[in-house]
Q: 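Encoded as C-alpha coordinates, here's the structure I'll be asking about.
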There are 2 protein chains.
Amino acid sequence: MTDTKKPYHHGDLREKLLNAATHLIADGGVDNLSIRKLADKVGASRTAPYHHFKDKNALLCAIAEQGFIQQDQLIKSISVQQETLSAHALFESYVLTYIRFANENSETYDLMYGRDIWKTGTPTESLQAISKRCFKRWLDWVAVLQEQGLFDSEQPTLRIAQSSWAALHGLCRLFNDGVYINQDDVDEIAKTTIEMLVKKPLSPTNTP
Amino acid sequence: MTDTKKPYHHGDLREKLLNAATHLIADGGVDNLSIRKLADKVGASRTAPYHHFKDKNALLCAIAEQGFIQQDQLIKSISVQQETLSAHALFESYVLTYIRFANENSETYDLMYGRDIWKTGTPTESLQAISKRCFKRWLDWVAVLQEQGLFDSEQPTLRIAQSSWAALHGLCRLFNDGVYINQDDVDEIAKTTIEMLVKKPLSPTNTP
DNA sequence: TAATCAATTTTGACACTGTCAAGATTGATT
DNA sequence: AATCAATCTTGACAGTGTCAAAATTGATTA
(Lines give C-alpha, C1' and ligand atoms only; values in the text may rest on other atoms or scores of the structure.)
Protein backbone atom coordinates (compact mmCIF):
# COMPACT_ATOMS: atom_id res chain seq x y z
CA MET A 1 0.00 0.00 0.00
CA THR A 2 2.74 2.36 -0.84
CA ASP A 3 0.77 3.55 -3.90
CA THR A 4 -1.56 6.47 -3.75
CA LYS A 5 -5.18 5.42 -3.74
CA LYS A 6 -6.72 5.31 -7.18
CA PRO A 7 -9.51 7.85 -7.63
CA TYR A 8 -11.42 5.72 -10.13
CA HIS A 9 -11.08 2.04 -10.85
CA HIS A 10 -7.55 2.04 -12.09
CA GLY A 11 -6.84 5.64 -11.44
CA ASP A 12 -4.12 7.03 -13.69
CA LEU A 13 -4.38 4.25 -16.25
CA ARG A 14 -3.50 6.52 -19.14
CA GLU A 15 -0.29 7.58 -17.48
CA LYS A 16 0.59 4.04 -16.54
CA LEU A 17 -0.10 2.79 -20.06
CA LEU A 18 2.04 5.48 -21.62
CA ASN A 19 4.84 4.70 -19.25
CA ALA A 20 4.74 0.96 -19.72
CA ALA A 21 4.43 1.35 -23.48
CA THR A 22 7.51 3.54 -23.66
CA HIS A 23 9.45 0.98 -21.70
CA LEU A 24 8.16 -1.85 -23.86
CA ILE A 25 9.34 -0.26 -27.09
CA ALA A 26 12.57 0.89 -25.47
CA ASP A 27 13.64 -2.72 -25.21
CA GLY A 28 12.32 -4.69 -28.14
CA GLY A 29 11.18 -2.01 -30.54
CA VAL A 30 7.71 -1.10 -31.68
CA ASP A 31 7.09 -4.68 -32.70
CA ASN A 32 7.42 -5.64 -29.07
CA LEU A 33 4.47 -3.45 -28.17
CA SER A 34 1.10 -5.13 -28.34
CA ILE A 35 -1.98 -3.71 -26.74
CA ARG A 36 -2.65 -6.99 -25.00
CA LYS A 37 0.84 -7.36 -23.59
CA LEU A 38 0.73 -3.75 -22.50
CA ALA A 39 -2.61 -4.16 -20.77
CA ASP A 40 -1.30 -7.26 -19.06
CA LYS A 41 1.74 -5.39 -17.86
CA VAL A 42 -0.28 -2.74 -16.06
CA GLY A 43 -2.76 -5.30 -14.77
CA ALA A 44 -5.71 -4.35 -16.93
CA SER A 45 -7.76 -6.35 -19.40
CA ARG A 46 -7.08 -6.49 -23.15
CA THR A 47 -9.42 -3.72 -24.17
CA ALA A 48 -8.98 -1.36 -21.27
CA PRO A 49 -6.48 0.82 -23.19
CA TYR A 50 -9.14 1.61 -25.78
CA HIS A 51 -10.85 3.93 -23.36
CA HIS A 52 -7.75 6.10 -23.13
CA PHE A 53 -6.45 5.80 -26.69
CA LYS A 54 -8.72 5.47 -29.67
CA ASP A 55 -6.26 3.26 -31.47
CA LYS A 56 -2.92 1.61 -31.25
CA ASN A 57 -1.95 4.41 -33.61
CA ALA A 58 -3.18 7.00 -31.12
CA LEU A 59 -1.07 5.39 -28.43
CA LEU A 60 2.00 5.55 -30.64
CA CYS A 61 1.23 9.19 -31.38
CA ALA A 62 1.10 9.92 -27.67
CA ILE A 63 4.50 8.32 -27.18
CA ALA A 64 5.91 10.32 -30.06
CA GLU A 65 4.43 13.46 -28.55
CA GLN A 66 6.23 12.77 -25.30
CA GLY A 67 9.40 12.38 -27.34
CA PHE A 68 8.98 15.81 -28.89
CA ILE A 69 8.50 17.39 -25.50
CA GLN A 70 11.57 15.65 -24.16
CA GLN A 71 13.66 16.60 -27.16
CA ASP A 72 12.45 20.15 -26.96
CA GLN A 73 13.56 20.54 -23.38
CA LEU A 74 16.95 19.10 -24.20
CA ILE A 75 17.39 21.66 -26.93
CA LYS A 76 16.16 24.50 -24.77
CA SER A 77 18.89 23.67 -22.27
CA ILE A 78 21.40 24.30 -25.02
CA SER A 79 20.16 27.68 -26.16
CA VAL A 80 20.72 28.83 -22.61
CA GLN A 81 24.42 28.87 -23.41
CA GLN A 82 23.66 31.31 -26.22
CA GLU A 83 25.66 34.08 -24.57
CA THR A 84 28.80 32.14 -23.81
CA LEU A 85 29.25 30.21 -27.06
CA SER A 86 29.97 31.24 -30.63
CA ALA A 87 27.39 30.51 -33.29
CA HIS A 88 29.50 27.70 -34.67
CA ALA A 89 30.05 26.10 -31.28
CA LEU A 90 26.39 26.43 -30.45
CA PHE A 91 25.42 24.76 -33.69
CA GLU A 92 27.86 21.94 -33.10
CA SER A 93 26.48 21.49 -29.63
CA TYR A 94 22.98 21.32 -31.07
CA VAL A 95 23.85 18.72 -33.65
CA LEU A 96 25.63 16.48 -31.18
CA THR A 97 22.78 16.76 -28.72
CA TYR A 98 20.24 15.99 -31.40
CA ILE A 99 22.11 12.90 -32.48
CA ARG A 100 22.64 11.76 -28.94
CA PHE A 101 18.94 12.04 -28.24
CA ALA A 102 18.13 10.02 -31.36
CA ASN A 103 20.60 7.37 -30.32
CA GLU A 104 19.56 7.08 -26.74
CA ASN A 105 15.86 7.07 -27.55
CA SER A 106 16.05 5.36 -30.90
CA GLU A 107 12.66 3.71 -30.72
CA THR A 108 10.91 6.90 -29.70
CA TYR A 109 12.79 8.77 -32.39
CA ASP A 110 11.59 6.22 -34.89
CA LEU A 111 8.03 6.97 -33.88
CA MET A 112 8.53 10.73 -33.95
CA TYR A 113 9.73 10.89 -37.52
CA GLY A 114 9.10 7.41 -38.90
CA ARG A 115 6.59 6.12 -41.38
CA ASP A 116 4.68 4.08 -38.84
CA ILE A 117 2.81 7.20 -37.90
CA TRP A 118 3.31 9.70 -40.70
CA LYS A 119 2.76 7.46 -43.67
CA THR A 120 1.16 4.20 -42.57
CA GLY A 121 -0.82 5.64 -39.69
CA THR A 122 -2.51 8.96 -39.13
CA PRO A 123 -0.79 11.55 -36.96
CA THR A 124 -2.92 12.93 -34.17
CA GLU A 125 -3.89 16.60 -34.29
CA SER A 126 -1.80 17.36 -31.25
CA LEU A 127 1.15 15.42 -32.61
CA GLN A 128 1.03 17.40 -35.82
CA ALA A 129 0.87 20.57 -33.79
CA ILE A 130 3.89 19.90 -31.62
CA SER A 131 6.00 18.60 -34.49
CA LYS A 132 5.21 21.72 -36.46
CA ARG A 133 6.13 23.86 -33.50
CA CYS A 134 9.47 22.11 -33.21
CA PHE A 135 10.28 22.56 -36.88
CA LYS A 136 9.28 26.19 -36.66
CA ARG A 137 11.75 26.72 -33.88
CA TRP A 138 14.45 25.13 -36.03
CA LEU A 139 13.44 27.29 -38.95
CA ASP A 140 13.72 30.46 -36.90
CA TRP A 141 17.13 29.51 -35.64
CA VAL A 142 18.36 28.74 -39.15
CA ALA A 143 17.36 32.28 -40.11
CA VAL A 144 19.50 33.59 -37.29
CA LEU A 145 22.38 31.38 -38.30
CA GLN A 146 22.08 32.74 -41.81
CA GLU A 147 22.41 36.27 -40.49
CA GLN A 148 25.41 35.19 -38.46
CA GLY A 149 27.02 33.89 -41.61
CA LEU A 150 26.97 30.24 -40.68
CA PHE A 151 24.63 29.38 -43.53
CA ASP A 152 24.36 30.78 -47.01
CA SER A 153 22.13 33.84 -46.95
CA GLU A 154 21.43 33.66 -50.67
CA GLN A 155 19.24 30.59 -50.42
CA PRO A 156 15.74 30.64 -48.91
CA THR A 157 15.68 29.89 -45.22
CA LEU A 158 13.10 27.16 -45.64
CA ARG A 159 15.27 25.28 -48.11
CA ILE A 160 18.33 25.46 -45.89
CA ALA A 161 16.33 24.37 -42.89
CA GLN A 162 14.87 21.44 -44.75
CA SER A 163 18.04 20.14 -46.32
CA SER A 164 20.26 20.64 -43.29
CA TRP A 165 17.77 18.95 -41.04
CA ALA A 166 17.48 16.14 -43.57
CA ALA A 167 21.24 15.65 -43.33
CA LEU A 168 21.00 15.42 -39.59
CA HIS A 169 18.02 13.15 -39.76
CA GLY A 170 19.65 10.85 -42.27
CA LEU A 171 22.59 10.33 -40.00
CA CYS A 172 20.36 9.44 -37.08
CA ARG A 173 18.38 7.05 -39.20
CA LEU A 174 21.41 5.19 -40.49
CA PHE A 175 22.56 4.60 -36.95
CA ASN A 176 19.12 3.89 -35.58
CA ASP A 177 18.21 1.45 -38.31
CA GLY A 178 21.41 -0.50 -37.94
CA VAL A 179 22.83 0.42 -41.33
CA TYR A 180 25.81 2.13 -39.76
CA ILE A 181 26.84 -0.10 -36.92
CA ASN A 182 29.95 1.45 -35.43
CA GLN A 183 28.46 3.62 -32.75
CA ASP A 184 31.95 4.83 -31.96
CA ASP A 185 32.16 6.65 -35.27
CA VAL A 186 29.06 8.66 -34.62
CA ASP A 187 30.86 11.71 -33.28
CA GLU A 188 33.38 11.77 -36.09
CA ILE A 189 30.77 11.46 -38.80
CA ALA A 190 28.69 14.08 -37.06
CA LYS A 191 31.59 16.51 -37.16
CA THR A 192 32.15 15.85 -40.84
CA THR A 193 28.48 16.54 -41.40
CA ILE A 194 28.74 19.80 -39.50
CA GLU A 195 31.68 20.91 -41.63
CA MET A 196 29.61 20.08 -44.69
CA LEU A 197 26.58 21.96 -43.53
CA VAL A 198 28.35 25.06 -42.39
CA LYS A 199 29.75 27.68 -44.70
CA LYS A 200 33.52 27.46 -44.73
CA PRO A 201 34.73 29.73 -41.91
CA LEU A 202 37.39 32.31 -42.68
CA SER A 203 39.61 31.12 -39.86
CA PRO A 204 40.71 27.58 -40.55
CA THR A 205 40.39 25.14 -37.68
CA ASN A 206 43.91 24.30 -36.68
CA THR A 207 44.29 20.74 -35.52
CA PRO A 208 47.89 20.33 -34.36
CA MET B 1 -0.19 -21.30 -73.70
CA THR B 2 2.25 -18.51 -73.90
CA ASP B 3 3.90 -19.50 -70.63
CA THR B 4 6.72 -21.92 -70.50
CA LYS B 5 5.62 -25.21 -69.04
CA LYS B 6 6.31 -25.43 -65.35
CA PRO B 7 8.99 -27.98 -64.53
CA TYR B 8 7.57 -28.80 -61.13
CA HIS B 9 4.17 -28.32 -59.60
CA HIS B 10 3.98 -24.62 -59.60
CA GLY B 11 7.07 -24.10 -61.63
CA ASP B 12 8.59 -20.70 -61.03
CA LEU B 13 6.82 -20.14 -57.73
CA ARG B 14 9.74 -18.25 -56.24
CA GLU B 15 9.72 -15.82 -59.11
CA LYS B 16 5.96 -15.40 -58.97
CA LEU B 17 6.03 -14.84 -55.22
CA LEU B 18 8.73 -12.24 -55.45
CA ASN B 19 6.82 -10.47 -58.16
CA ALA B 20 3.48 -10.49 -56.40
CA ALA B 21 5.11 -9.46 -53.12
CA THR B 22 6.75 -6.45 -54.73
CA HIS B 23 3.42 -5.40 -56.16
CA LEU B 24 1.68 -5.92 -52.85
CA ILE B 25 4.03 -3.65 -50.96
CA ALA B 26 4.08 -1.15 -53.81
CA ASP B 27 0.46 -0.35 -53.08
CA GLY B 28 -0.21 -0.61 -49.39
CA GLY B 29 3.24 -0.76 -47.88
CA VAL B 30 4.98 -3.58 -46.10
CA ASP B 31 2.05 -3.89 -43.74
CA ASN B 32 -0.07 -4.89 -46.70
CA LEU B 33 2.13 -7.91 -47.32
CA SER B 34 1.12 -11.04 -45.49
CA ILE B 35 2.40 -14.45 -46.43
CA ARG B 36 -1.13 -15.78 -46.60
CA LYS B 37 -2.45 -13.00 -48.81
CA LEU B 38 0.59 -13.40 -51.01
CA ALA B 39 0.13 -17.15 -51.33
CA ASP B 40 -3.49 -16.62 -52.15
CA LYS B 41 -2.60 -14.12 -54.85
CA VAL B 42 -0.40 -16.58 -56.72
CA GLY B 43 -2.82 -19.41 -56.18
CA ALA B 44 -0.81 -21.38 -53.66
CA SER B 45 -1.57 -22.50 -50.13
CA ARG B 46 -0.63 -20.56 -47.01
CA THR B 47 2.63 -22.32 -46.33
CA ALA B 48 3.85 -22.84 -49.87
CA PRO B 49 6.12 -19.76 -49.70
CA TYR B 50 8.09 -21.35 -46.88
CA HIS B 51 9.67 -23.75 -49.34
CA HIS B 52 11.22 -20.85 -51.22
CA PHE B 53 11.90 -18.40 -48.41
CA LYS B 54 12.92 -19.47 -44.94
CA ASP B 55 11.07 -16.61 -43.35
CA LYS B 56 8.97 -13.61 -44.03
CA ASN B 57 12.18 -11.78 -43.27
CA ALA B 58 13.99 -13.74 -45.98
CA LEU B 59 11.30 -12.75 -48.45
CA LEU B 60 11.70 -9.10 -47.55
CA CYS B 61 15.47 -9.45 -47.95
CA ALA B 62 14.96 -10.87 -51.41
CA ILE B 63 12.80 -7.91 -52.37
CA ALA B 64 15.39 -5.51 -51.00
CA GLU B 65 18.04 -7.34 -52.96
CA GLN B 66 16.08 -6.81 -56.15
CA GLY B 67 15.90 -3.16 -55.25
CA PHE B 68 19.67 -2.89 -54.97
CA ILE B 69 20.12 -4.50 -58.36
CA GLN B 70 17.58 -2.15 -59.91
CA GLN B 71 19.12 0.90 -58.27
CA ASP B 72 22.56 -0.21 -59.30
CA GLN B 73 21.60 -0.45 -62.95
CA LEU B 74 20.01 2.98 -62.82
CA ILE B 75 23.22 4.44 -61.47
CA LYS B 76 25.35 2.61 -63.97
CA SER B 77 23.37 4.23 -66.75
CA ILE B 78 24.46 7.59 -65.39
CA SER B 79 28.16 6.92 -65.17
CA VAL B 80 28.04 6.21 -68.87
CA GLN B 81 27.77 9.97 -69.39
CA GLN B 82 31.04 10.32 -67.54
CA GLU B 83 32.79 11.68 -70.61
CA THR B 84 30.29 14.29 -71.62
CA LEU B 85 29.45 15.82 -68.23
CA SER B 86 31.44 17.79 -65.70
CA ALA B 87 32.00 16.31 -62.27
CA HIS B 88 29.49 18.68 -60.75
CA ALA B 89 26.83 17.96 -63.33
CA LEU B 90 27.43 14.24 -62.99
CA PHE B 91 27.05 14.44 -59.25
CA GLU B 92 23.86 16.42 -59.55
CA SER B 93 22.53 13.88 -61.98
CA TYR B 94 23.37 11.13 -59.53
CA VAL B 95 21.66 12.79 -56.62
CA LEU B 96 18.49 13.50 -58.57
CA THR B 97 18.38 9.96 -59.91
CA TYR B 98 18.92 8.52 -56.46
CA ILE B 99 16.11 10.57 -55.03
CA ARG B 100 13.81 9.76 -57.89
CA PHE B 101 14.39 6.07 -57.40
CA ALA B 102 13.67 6.37 -53.70
CA ASN B 103 10.47 8.24 -54.45
CA GLU B 104 9.19 5.96 -57.17
CA ASN B 105 10.02 2.81 -55.24
CA SER B 106 9.50 4.13 -51.76
CA GLU B 107 8.40 0.84 -50.23
CA THR B 108 11.30 -1.07 -51.70
CA TYR B 109 13.65 1.71 -50.63
CA ASP B 110 12.26 1.39 -47.13
CA LEU B 111 13.17 -2.27 -47.14
CA MET B 112 16.62 -1.67 -48.59
CA TYR B 113 17.74 0.72 -45.88
CA GLY B 114 15.03 0.52 -43.24
CA ARG B 115 15.01 -1.00 -39.80
CA ASP B 116 12.58 -3.75 -40.70
CA ILE B 117 15.49 -5.73 -42.04
CA TRP B 118 18.64 -4.19 -40.63
CA LYS B 119 17.58 -3.73 -37.05
CA THR B 120 14.43 -5.69 -36.35
CA GLY B 121 15.14 -8.55 -38.75
CA THR B 122 18.33 -10.21 -39.87
CA PRO B 123 19.77 -9.29 -43.26
CA THR B 124 20.51 -12.23 -45.52
CA GLU B 125 24.12 -12.97 -46.39
CA SER B 126 23.50 -12.09 -50.01
CA LEU B 127 21.70 -8.90 -49.07
CA GLN B 128 24.60 -7.82 -46.92
CA ALA B 129 26.92 -8.59 -49.78
CA ILE B 130 25.13 -6.56 -52.41
CA SER B 131 24.53 -3.61 -50.12
CA LYS B 132 28.20 -3.56 -49.22
CA ARG B 133 29.10 -3.68 -52.89
CA CYS B 134 26.87 -0.72 -53.60
CA PHE B 135 28.35 1.36 -50.81
CA LYS B 136 31.82 0.44 -51.97
CA ARG B 137 31.02 1.81 -55.39
CA TRP B 138 29.82 5.02 -53.79
CA LEU B 139 32.95 5.19 -51.68
CA ASP B 140 35.20 4.82 -54.70
CA TRP B 141 33.38 7.52 -56.55
CA VAL B 142 33.62 9.89 -53.61
CA ALA B 143 37.39 9.41 -53.70
CA VAL B 144 37.38 10.44 -57.35
CA LEU B 145 35.20 13.44 -56.59
CA GLN B 146 37.63 14.44 -53.90
CA GLU B 147 40.45 14.40 -56.42
CA GLN B 148 38.35 16.43 -58.77
CA GLY B 149 37.91 19.03 -56.06
CA LEU B 150 34.20 18.54 -55.57
CA PHE B 151 34.68 17.34 -52.01
CA ASP B 152 37.15 18.36 -49.36
CA SER B 153 40.33 16.34 -49.78
CA GLU B 154 41.47 16.99 -46.24
CA GLN B 155 38.86 14.76 -44.67
CA PRO B 156 38.95 10.96 -44.88
CA THR B 157 37.06 9.58 -47.84
CA LEU B 158 35.04 7.25 -45.67
CA ARG B 159 33.75 10.10 -43.52
CA ILE B 160 32.74 12.16 -46.52
CA ALA B 161 31.05 9.19 -48.13
CA GLN B 162 29.14 8.40 -44.97
CA SER B 163 27.96 11.89 -44.16
CA SER B 164 27.10 12.89 -47.70
CA TRP B 165 25.16 9.73 -48.28
CA ALA B 166 23.41 10.27 -44.96
CA ALA B 167 22.31 13.68 -46.20
CA LEU B 168 20.91 12.12 -49.32
CA HIS B 169 19.29 9.33 -47.42
CA GLY B 170 17.72 11.68 -44.91
CA LEU B 171 16.06 13.61 -47.67
CA CYS B 172 14.63 10.46 -49.19
CA ARG B 173 13.37 9.29 -45.85
CA LEU B 174 11.61 12.52 -45.03
CA PHE B 175 9.74 12.32 -48.29
CA ASN B 176 9.15 8.59 -48.12
CA ASP B 177 7.89 8.66 -44.59
CA GLY B 178 5.47 11.45 -45.26
CA VAL B 179 7.20 14.01 -43.06
CA TYR B 180 7.83 16.30 -46.02
CA ILE B 181 4.67 16.15 -48.04
CA ASN B 182 5.16 18.57 -50.92
CA GLN B 183 6.57 16.30 -53.56
CA ASP B 184 6.90 19.33 -55.80
CA ASP B 185 9.63 20.74 -53.61
CA VAL B 186 11.78 17.68 -53.89
CA ASP B 187 13.92 18.99 -56.74
CA GLU B 188 14.49 22.34 -55.11
CA ILE B 189 15.47 20.84 -51.78
CA ALA B 190 17.68 18.37 -53.56
CA LYS B 191 19.53 21.19 -55.27
CA THR B 192 20.02 23.01 -51.98
CA THR B 193 21.42 19.80 -50.56
CA ILE B 194 23.81 19.48 -53.47
CA GLU B 195 25.07 22.99 -52.94
CA MET B 196 25.60 22.15 -49.32
CA LEU B 197 27.45 18.93 -50.00
CA VAL B 198 29.72 20.29 -52.67
CA LYS B 199 32.69 22.53 -52.02
CA LYS B 200 31.93 26.05 -53.07
CA PRO B 201 32.95 26.32 -56.71
CA LEU B 202 35.24 29.19 -57.75
CA SER B 203 32.86 30.38 -60.42
CA PRO B 204 29.71 31.66 -58.74
CA THR B 205 26.41 30.46 -60.14
CA ASN B 206 24.86 33.53 -61.68
CA THR B 207 21.11 33.65 -61.20
CA PRO B 208 19.96 36.83 -62.96
C1' DT C 1 -29.90 7.66 2.70
C1' DA C 2 -31.39 5.33 -1.64
C1' DA C 3 -31.68 5.54 -6.64
C1' DT C 4 -29.75 6.91 -10.88
C1' DC C 5 -26.15 8.02 -14.03
C1' DA C 6 -22.06 8.10 -16.61
C1' DA C 7 -17.47 6.89 -16.69
C1' DT C 8 -14.65 3.00 -16.53
C1' DT C 9 -13.42 -1.88 -17.03
C1' DT C 10 -14.11 -6.63 -18.43
C1' DT C 11 -15.69 -10.68 -21.15
C1' DG C 12 -16.72 -12.68 -25.53
C1' DA C 13 -16.06 -12.83 -30.18
C1' DC C 14 -14.17 -12.28 -34.97
C1' DA C 15 -11.01 -12.00 -38.51
C1' DC C 16 -6.58 -11.74 -39.14
C1' DT C 17 -1.31 -12.91 -38.70
C1' DG C 18 3.43 -16.11 -38.90
C1' DT C 19 4.95 -20.58 -38.78
C1' DC C 20 5.53 -25.52 -37.35
C1' DA C 21 4.46 -30.64 -38.03
C1' DA C 22 2.62 -34.06 -40.66
C1' DG C 23 0.66 -35.83 -44.62
C1' DA C 24 -0.32 -35.72 -49.80
C1' DT C 25 1.15 -35.01 -54.54
C1' DT C 26 4.23 -35.56 -58.38
C1' DG C 27 8.19 -35.06 -61.76
C1' DA C 28 12.39 -37.32 -62.15
C1' DT C 29 15.51 -41.47 -61.33
C1' DT C 30 16.56 -45.98 -60.83
C1' DA D 1 7.22 -50.05 -62.63
C1' DA D 2 9.09 -48.73 -58.14
C1' DT D 3 11.48 -45.44 -55.49
C1' DC D 4 12.91 -40.96 -54.15
C1' DA D 5 13.23 -36.25 -53.12
C1' DA D 6 11.43 -32.01 -54.05
C1' DT D 7 7.24 -29.55 -53.75
C1' DC D 8 2.84 -28.47 -52.06
C1' DT D 9 -1.34 -28.71 -48.91
C1' DT D 10 -3.99 -29.39 -44.63
C1' DG D 11 -4.35 -28.89 -39.71
C1' DA D 12 -3.09 -26.66 -35.80
C1' DC D 13 -1.35 -23.19 -32.32
C1' DA D 14 -0.32 -18.97 -30.28
C1' DG D 15 -0.43 -14.48 -31.24
C1' DT D 16 -2.51 -9.87 -32.92
C1' DG D 17 -6.09 -5.40 -33.17
C1' DT D 18 -10.55 -4.12 -32.17
C1' DC D 19 -15.71 -4.16 -31.91
C1' DA D 20 -20.17 -5.11 -29.15
C1' DA D 21 -22.28 -6.00 -25.11
C1' DA D 22 -22.28 -6.78 -20.31
C1' DA D 23 -20.45 -5.71 -15.65
C1' DT D 24 -18.50 -2.71 -12.10
C1' DT D 25 -18.31 1.50 -9.48
C1' DG D 26 -17.49 6.39 -7.87
C1' DA D 27 -20.18 10.41 -8.11
C1' DT D 28 -24.78 12.82 -8.44
C1' DT D 29 -29.26 13.54 -7.61
C1' DA D 30 -33.90 13.02 -5.38
Side-chain angles (χ1 to χ4, degrees), chain A residues 3-21 24-25 27-64 107 111 115-117 119-124, chain B residues 1 3-21 24-25 28-64 107 111 115-117 119-124:
Chain A
D3 340 26
T4 63
K5 247 204 175 162
K6 43 193 175 181
Y8 271 124
H9 312 197
H10 259 114
D12 46 357
L13 224 197
R14 200 195 127 102
E15 192 72 14
K16 276 203 255 180
L17 286 171
L18 217 52
N19 226 351
L24 269 177
I25 67 164
D27 54 65
V30 190
D31 293 342
N32 193 37
L33 171 63
S34 83
I35 299 285
R36 299 167 105 107
K37 215 189 297 179
L38 172 65
D40 203 52
K41 196 155 198 178
V42 302
S45 74
R46 297 123 248 169
T47 61
Y50 285 88
H51 294 263
H52 299 271
F53 304 97
K54 174 183 160 285
D55 250 346
K56 186 180 187 181
N57 179 67
L59 171 63
L60 297 182
C61 285
I63 298 175
E107 304 296 336
L111 282 178
R115 79 167 24 196
D116 268 6
I117 286 177
K119 182 110 176 203
T120 304
T122 321
T124 304
Chain B
M1 19 177 117
D3 342 25
T4 63
K5 249 206 174 160
K6 44 191 176 180
Y8 273 122
H9 312 194
H10 258 115
D12 46 358
L13 223 198
R14 201 195 126 99
E15 191 73 15
K16 276 203 255 179
L17 286 170
L18 218 51
N19 224 356
L24 269 177
I25 68 164
V30 190
D31 293 342
N32 193 38
L33 171 62
S34 83
I35 299 285
R36 298 167 105 105
K37 214 190 296 179
L38 172 64
D40 203 51
K41 195 156 199 178
V42 303
S45 75
R46 297 123 249 170
T47 61
Y50 285 88
H51 293 264
H52 299 270
F53 303 98
K54 173 183 161 286
D55 251 345
K56 186 179 187 181
N57 178 68
L59 171 63
L60 297 182
C61 285
I63 299 174
E107 305 296 337
L111 282 179
R115 79 166 24 196
D116 268 6
I117 286 178
K119 184 112 175 200
T120 304
T122 320
T124 303

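Numbers restart at 1 for each chain; the letters A, B, ... are given by sequence-line order, proteins then strands.
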Q: Check the distance between C:dT26's C1' and B:L13's CG and give it to me in whole angstrom.
A: 15 Å
Q: Nearest-Å distance, CG (A:D40) to P (C:dT11)?
A: 12 Å
Q: Are the side chain of A:D116 and the backbone of A:L111 linked by a donor-acceptor contact shorter than 3.5 Å?
A: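 Looks like no, no N/O pair under 3.5 Å.
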Q: Within a strict 4.5 Å, meaning less than it, do heavy atoms of the A:K37 and A:N32 side chains meet?
A: yes
Q: Select base, sugar-phosphate, or nothing to describe what A:S34 touches, counting heavy atoms under 4.0 Å on all strands.
A: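 Since only primed, P, OP1 and OP2 atoms lie under 4.0 Å of A:S34, the category is sugar-phosphate.
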Q: What about A:R46, does its side chain sit under 3.5 Å from the base of D:dG17 through a donor-acceptor pair?
A: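 Donor-acceptor pair under 3.5 Å: no.
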Q: Ignoring hydrogens and angles, does a donor from either the side chain of A:T47 or the base of C:dT9 sit under 3.5 Å from an acceptor on the other?
A: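 Answer no: no donor N or O sits under 3.5 Å from an acceptor.
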Q: Expressed in angstrom and rounded to an integer, what is the separation of B:I35 atom CD1 from C:dC20 atom C1'?
A: 14 Å
Q: What is the distance from CG of B:D31 to P of C:dC16, rounded to the nearest Å?
A: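 Going from B:D31 (CG) to C:dC16 (P), I get 16 Å.
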Q: Measuring from atom CD of A:E107 to atom NZ of B:K119, what distance do you get when rounded to the nearest 0.5 angstrom?
A: 6.0 Å
Q: To the side chain of A:Y50, which of C:dT9, C:dC20, D:dG17 is closest?
A: D:dG17
Q: To the nearest angstrom, how far is B:K16 atom NZ from D:dC8 atom C1'?
A: 13 Å
Q: Under 4.0 Å between a side-chain N or O of B:S45 and OP1 or OP2 of D:dC8?
A: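 B:S45 to D:dC8 OP1/OP2: no side-chain N or O under 4.0 Å.
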Q: Starting from P on C:dT19, measure out to CG on B:L60 and report it in whole angstrom.
A: 10 Å
Q: At less than 3.5 Å, do the side-chain atoms of A:R36 and the base atoms of D:dG15 form a donor-acceptor pair?
A: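 No, the side chain and the base share no sub-3.5 Å donor-acceptor pair.
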Q: Just how far, in rounded Å, is P of D:dC8 from CG of B:L38?
A: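 Those two atoms, CG and P, are 13 Å apart.
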Q: Answer yes or no: is there a donor N or O on one side and an acceptor on the other, between the side chain of A:K56 and the main chain of A:I35, under 3.5 Å?
A: no
Q: Between B:H51 and B:N57, just flag the one whose closest nucleotide in DNA chain C comes earlier from the 5' side.
A: B:N57
Q: Starting at atom NZ of A:K56, determine the distance to atom P of D:dT18, rounded to an integer number of angstrom.
A: 8 Å
Q: Hey, are the side chains of B:L59 and B:L38 touching, using non-hydrogen atoms and a 4.5 Å cut-off?
A: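 Touching, per the 4.5 Å side-chain cut-off.
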Q: Check every atom of D:dT9, C:dA13, C:dT10 against the side chain of A:A44 and return the nucleotide holding the closest atom.
A: C:dT10
Q: C:dT8 phosphate, OP1 or OP2: any side-chain N/O from A:H52 under 4.0 angstrom?
A: no
